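We're numbering straight along the sequence, starting at 1. Everything numeric in this text was worked out from a predicted model, so none of it was measured. Computed over heavy atoms, backbone and side chain alike; hydrogens, waters and symmetry mates excluded.
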Amino acid sequence: MLRSNSMVMKNSLKIFVLIIFLTAGSCKRAFLDEKPLDFTSTTNSFNTLKDFNASIYNIYNIVRTEFYTSDENNPFDYIYGLDLVYDGQPSGPQRFSNYTTSTNPTSTYLVSHWSRLYKIISESNTILDKLGSSQVVSNDITFVQANARFFRGFAYRTLAYLYGGVPIELHQVTSPKTDYVRASREEVLKQSIEDLKFAAGNLPSITTVQEGQISNVAAQHLLAEVYLAAGQFNDAVSTASLVINNSNMALMKTRFGSQATDPGDVYWDLFRPKNQNRTSGNKESIWVIQFENDIPGGSSTATDIAGSYRLERQIAPLIRDVTLSNGTKPFLWPVSDYTGGRGIGWAISTTYFSNTIWASDFNNDMRNSNFNFVRTYVYNDPGKTAYFGKTVSTEAPPAGVTVPSRAFYAYQSKCTTPGKHPDGLFSNKATLLLSPAAGGTYTDQYMFRLAETYLIRAEAYLSTGDKTKAAEDINAIRSRANASPVLEGNVTINYILDERMRELGIEEKRRLTLSRLNMVYERTVNIAKNPLAANIQPFNNLWPIPQREIERNKDAILTQNPGY
């Protein structure tokens, strides 16, 4: 009996082991796999249109972070150390006072740009790959694809300008990949063009999108620019023409918006608070980056500089340090007037930017009026009664004051909002005295504007040999500014780049334009003679591939750019 029971137990144990063995595979799949029911994960995040829109909105945020809000310095890597401005307080790798330091491949300073641009690509790829297994219906699928492909094309275009050829990845990466190789610059531009063509053909009309949302016009504008970079000049002309000839688009030529009755002009109006979006009547705006104070997702706050675009702080002078030969300091600081708010004088205008390019129309070009390019200041410290209310100019500085210097130089007023800072930043609104927390530019920001589309087409016409048409496009801009027309015989690429400075200035992501044209060194050294672009070399037209990316890519060679 005991033997019989023992045999039963042994047979039962064998059966149990067999069951375990046979069900091990299914247990691994069904029991051990986590099934998220009440939280978001990679397996359930991309199902509805709402899910995909959430990812698209995050890409908008990455774009705003990269170009406007990431930190004190990174957004301004696109303007420092070029023909526009130079650093008033050199320190460390930031602000391109020394190219050897700023562009060291082992430095972490530039890594964030590479990472954020590839993050845009990664998010876009995930969206595109997940659409096929989602519940999104056909019309919405096209909308989502157009958004994702716009941003992917936007990122690849930017990478191609900054680094040349880079790795191309068109699908979601779900496991570590360490064998990337660089595609050629031409291949990267080709991919950008393919994405932007799809976006231009499928994004909504500019009249139907919300403020800050990309449209078919935004895609056409960018596509025309990338055609230029790819040497497809006729395509650039025809695509830019779609934007310029669009009945919903027009250069603003009469006063408009929130301060239309204040002293100023129509160019000044373009940069006043609440005037950037089309709801203000502005038919010139194409893609506007949004900022809203004290609203979740709006980035900025109305009581300090946190989250804001710190353009005022960088661009305007540190006016408090103006010291006359007798030791008097005649300016209060910071004040919400044309002394520049809470500027700290880091981005000093090159003499080429502040004076040389205006020589032929110094007194009549609207963009050079004191509303727009501040040269005349009014002493604003009522305690200095011998000076209060008197004017002084950067063109005839008072004794003892150096021009340009960190304290005193001509600057573009589009960096600030005289008299219109948020109420929470005033220490005394009656006297316009600001708190030490000021320094941001509390307006929405143009990423693309129609005036630039004209200059893109002018460059395309020039490249085809049609100087007559190029001059016509440039003069459309100059006419609005009351500047004398350029003769077609005087149209050159350098003239167009000068006109971009006059029209766009600190609004432009200047490094992208000069890198696209391989003219960083030429414009910085030989044209503008930037006094603080030390050690810049012709190879600095491109940034280095971050060394950490080269080292991580252990299973293939990610070639470094020449010179680094």
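Thr453 meets the side chain to side chain donor-acceptor pair (under 3.5 Å) test with His221; sequence neighbours excluded. By the side chain to side chain donor-acceptor pair (under 3.5 Å) test, Ser258 is found to be paired with Asn275, residues two or more places apart in sequence or in another chain being considered. Not counting sequence neighbours, the partners of Thr431 by the side-chain contact (heavy atoms from CB on, under 4.5 Å) test are Asn428, Leu433. In this view, Tyr57 satisfies the ring-ring contact (aromatic ring centres under 6.0 Å, His included) rule with no residue, not counting sequence neighbours. Annotation: side chain to side chain donor-acceptor pair (under 3.5 Å) contacts of Trp346 (sequence neighbours excluded): Gln89. Judged as a ring-ring contact (aromatic ring centres under 6.0 Å, His included), and not counting sequence neighbours, the contacts of Tyr267 are Phe271. Listed by chain and number, the residues in a ring-ring contact (aromatic ring centres under 6.0 Å, His included) with Trp358 are Phe373 (sequence neighbours excluded). Residues meeting the side chain to side chain donor-acceptor pair (under 3.5 Å) test with Gln537, sequence neighbours left out: none.
Checking Arg272 against Thr417 by side-chain atom types alone, no donor-acceptor pair falls below 3.5 Å. Looking at Asn282 and Asn277, their side chains never bring a donor and an acceptor atom within 3.5 Å of each other. Side-chain atoms of Gln445 and Thr443 form a donor-acceptor pair, as typed in the model, at a separation below 3.5 Å. Asn380 and Tyr338 share no donor-acceptor pair across their side chains, judged by distance under 3.5 Å alone. Checked by atom type, the side-chain pair Thr513/Glu508 shows a donor-acceptor distance below 3.5 Å. Side-chain atoms of Tyr80 and Gln314 include a donor-acceptor pair closer than 3.5 Å. Judged by distance alone, the side chains of Ser112 and Asn74 do bring a donor and an acceptor atom under 3.5 Å apart. For the residue pair Asn494/Arg523, the side-chain donor-acceptor check at 3.5 Å is satisfied. A side-chain donor from one of Asn372 and Ser369 sits under 3.5 Å from a side-chain acceptor of the other. Side-chain contact of Gln94 with Asp77: a donor-acceptor pair under 3.5 Å is absent, judged by distance alone.
Note: His113 and Trp543 have tilted aromatic rings, judged against thresholds of 30 and 60 degrees for the angle between ring planes. Ring-plane geometry between Tyr377 and Phe331 is classed as perpendicular, the angle between the planes exceeding 60 degrees on a 0 to 90 degree scale with a lower cut at 30.
Checked against Asp83 for a salt bridge (Lys or Arg N to Asp or Glu O under 4.0 Å), the options Arg511, Arg510, Lys529, Arg500 give a single hit: Arg510.
Atom OG of Ser300 is separated from atom CG of Asp294 by 7.5 Å, given to the nearest 0.5 angstrom. Going from atom CG of Asn61 over to atom CD1 of Ile120 covers 10.0 Å, rounded to the nearest 0.5 Å. In this structure, OH on Tyr60 lies 14.5 Å from OG1 on Thr65, to the nearest 0.5 angstrom. Remark: Met519 CE to Glu522 CD distance equals 5.5 Å, nearest 0.5 Å. For the atom pair Asn535 CG and Thr103 OG1, the distance stands at 9.0 Å (nearest 0.5 Å). Atom OH of residue Tyr109 and atom CG of residue Asn104 lie 13.0 Å apart, to the nearest 0.5 angstrom.
Between Lys274 and Ser280 the shortest side-chain heavy-atom distance does not fall below 4.5 Å. Within the 4.5 Å cutoff, side-chain heavy atoms of Phe256 are placed close to those of Leu270. Residues Tyr379 and Pro398 meet the side-chain proximity criterion, which asks for heavy atoms closer than 4.5 Å. When side chains are defined from C-beta on, Leu462 does not count as touching Phe233, because their heavy atoms never get closer than 4.5 Å.
Listed by first and then second residue, the salt bridge (charged side-chain N to carboxylate O under 4.0 Å, His left out) pairs that reach into residues 109-118 are Glu66-Arg116, sequence neighbours excluded. Within the structure, salt bridge (charged side-chain N to carboxylate O under 4.0 Å, His left out) pairs that include any residue of residues 305-321 comprise Glu72-Arg310, Glu72-Arg313 (at least two apart or interchain). Contacts classified as salt bridge (charged side-chain N to carboxylate O under 4.0 Å, His left out) and involving residues 255-266 (residues at least two apart or in different chains) are given here: Arg255-Asp269. Applying the salt bridge (charged side-chain N to carboxylate O under 4.0 Å, His left out) definition to pairs two or more places apart or across chains, none involves residues 331-347.
Closest non-hydrogen pair, Ile206 versus Asn248, comes out as CG2-CB, 4.2 Å. Summarising the geometry of Tyr495 relative to Asn490, their closest heavy-atom pair is CB-O, 3.7 Å, with the distance given to 0.1 Å. Considering all non-hydrogen atoms of both residues, Tyr99 and Gly81 come closest at OH-O, 2.6 Å. Scanning all heavy atoms of the two residues, the minimum distance from Gly341 to Pro334 falls at O-CB, 3.4 Å. Residue Pro404 comes nearest to Tyr86 through the heavy atom pair CG-OH, 3.5 Å, listed as atom of the first residue, atom of the second, then distance.
The ring of Phe67 has its center closer than 6.0 angstrom to the ring center of Tyr78. Ring pair Phe539/Tyr521: centre-to-centre distance not below 6.0 Å. Taking the six-membered ring for Trp and the full ring otherwise, Trp287 and Tyr446 have centroids separated by 6.0 Å or more.
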Run the numbers on Asp361 and Arg478 for salt bridge (Lys or Arg N to Asp or Glu O under 4.0 Å), then give the verdict.
-> CA-CA 10 Å; Asp361 290 88; Arg478 293 183 63 76; 2.9 Å; yes
Determine, stepwise, if the pair Glu452 / Arg449 fulfils salt bridge (Lys or Arg N to Asp or Glu O under 4.0 Å).
-> CA-CA 6 Å; Glu452 185 184 16; Arg449 183 161 63 85; over 6 Å; no
Worked verdict on Asp498 versus Tyr352 for side chain to side chain donor-acceptor pair (under 3.5 Å) | CA-CA 9 Å; Asp498 286 353; Tyr352 191 80; 2.8 Å; yes
Give the intermediate values and the outcome of salt bridge (Lys or Arg N to Asp or Glu O under 4.0 Å) for residues Glu499 and Arg367.
-> CA-CA 11 Å; Glu499 191 65 22; Arg367 300 164 299 187; 2.8 Å; yes
Could you give me the CA-CA distance, side-chain angles and deciding distance for Arg480 and Glu284, then say whether salt bridge (Lys or Arg N to Asp or Glu O under 4.0 Å) is met?
-> CA-CA 12 Å; Arg480 190 263 294 277; Glu284 188 167 334; 2.9 Å; yes
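Dense packing is recorded around NZ of Lys509, with more than 12 heavy atoms of other residues, nucleotides or ligands lying under 6.0 Å away.
Of the possible polar contacts, one joining the Ser299 side chain to the Gly307 backbone as a donor-acceptor pair under 3.5 Å is found. With hydrogens and angles disregarded, no donor-acceptor distance shorter than 3.5 Å links the side chain of Ser479 to the backbone of Ala476.
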